[in-house]
Amino acid sequence: MDRAHFFSATAGRTIEAPRHARARFAIGEVVRHRVFDFRGVVFDIDPVFANSDEWYEAIPAAVRPHKDQPFYHLLAENGESSYVAYVSQQNLLRDAENGPVDHPQVGELFDDFADGRYKLRRGLTH
């Protein structure tokens, strides 16, 4: 398979990834974690795991996701707080609430919320 390389500041190293990855969710889409009770809006996507080895090893081996799948950066919320989450594709589902996410940073990255998803601010698109 044709591979590409990119530097991940979070991981502190160069990451090897398939040249073509298929993300199930898009930037601006609202998703829910499959196991834990939180939801969030996607603001970035890594084609494969691109976080630190320490972060990965902290996940119990029995539930540790495989690295060769898309990982999503989320502005996340649960009943108690708002935070940034990093979640594997296998652990995400489409959000059935179809409502906005109440995260204080949403307005920094996104404009309108319509039809269950956010529109990325114009100045932030490629």
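Positions are given from 1, in the same order as the sequence printed here.
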Task: Rounded distance (nearest 0.5 Å) linking atom NE2 of H66 with atom OG of S88 - done: 7.5 Å
Open item on the list: Working to the nearest 0.5 angstrom, can you tell me the gap between I45 CD1 and Q89 CD?
Closed with: 8.5 Å
TODO: Provide the full list of salt bridge (Lys or Arg N to Asp or Glu O under 4.0 Å) pairs with a residue in residues 73-85, sequence neighbours left out, each pair given once.
DONE: R39-E77
Open item on the list: Apply the hydrophobic cluster definition, ILVMFWY joined by side-chain contacts under 4.5 Å directly or through others, and give me every member besides F71.
Closed with: F49, W55, Y56, I59, V63, Y86
Open item on the list: Quick check: closest heavy atoms across L92 and L74, and the distance to 0.1 Å?
Closed with: CD2-CD1, 4.1 Å
Open item on the list: List the residues meeting salt bridge (charged side-chain N to carboxylate O under 4.0 Å, His left out) with K119, not counting sequence neighbours, and say none if there are none.
Closed with: none
Open item on the list: Tell me whether D53 is salt-bridged to K67, with the criterion being a basic N under 4.0 Å from an acidic carboxylate O.
Closed with: yes
Task: Residue list, salt bridge (charged side-chain N to carboxylate O under 4.0 Å, His left out) with D37, at least two apart or on another chain - done: R32
Open item on the list: Quick check on the hydrophobic clustering: are F7 and V48 connected, directly or via other members, by side-chain heavy-atom contacts under 4.5 Å?
Closed with: no
Open item on the list: Is the ring pair Y72/F25 parallel, tilted or perpendicular, if the boundaries are 30 and 60 degrees?
Closed with: perpendicular
Open item on the list: Hydrophobic clusters here meaning ILVMFWY residues chained together by side-chain heavy-atom distances under 4.5 Å, can you tell me if L109 and V84 are in one?
Closed with: yes
Open item on the list: Tell me the closest heavy-atom pair linking A23 and P70, and the distance in Å.
Closed with: CA-CG, 4.0 Å
- [ ] Applying side chain to side chain donor-acceptor pair (under 3.5 Å), name anything that partners R94, two or more places apart in sequence or on another chain.
- [x] E29
Open item on the list: Can you tell me how far apart CG (L120) and CG (D112) are? Round to the nearest 0.5 Å.
Closed with: 11.5 Å
Task: Shortest non-hydrogen contact from S82 toward H103 - done: CB-CD2, 3.5 Å
TODO: Just jot down the salt bridge (charged side-chain N to carboxylate O under 4.0 Å, His left out) partners of D111, sequence neighbours excluded, or say none.
DONE: R121
- [ ] For the residue pair F113 and V106, establish whether any side-chain heavy-atom pair is separated by less than 4.5 Å.
- [x] no
Task: pair D95-V31: side-chain heavy atoms closer than 4.5 Å - done: no
TODO: Return the set of residues passing side chain to side chain donor-acceptor pair (under 3.5 Å) with Y118 (not counting sequence neighbours), or none when no residue passes.
DONE: none
Open item on the list: Within this structure, what is the CG-CD distance for the pair L93 and Q90, rounded to the nearest 0.5 Å?
Closed with: 11.5 Å
TODO: Please name all residues satisfying salt bridge (charged side-chain N to carboxylate O under 4.0 Å, His left out) with R64, sequence neighbours left out, ordered by chain then number.
DONE: E57
Task: Residues in ring-ring contact (aromatic ring centres under 6.0 Å, His included) contact with F38, at least two apart in sequence or another chain - done: H33, Y83
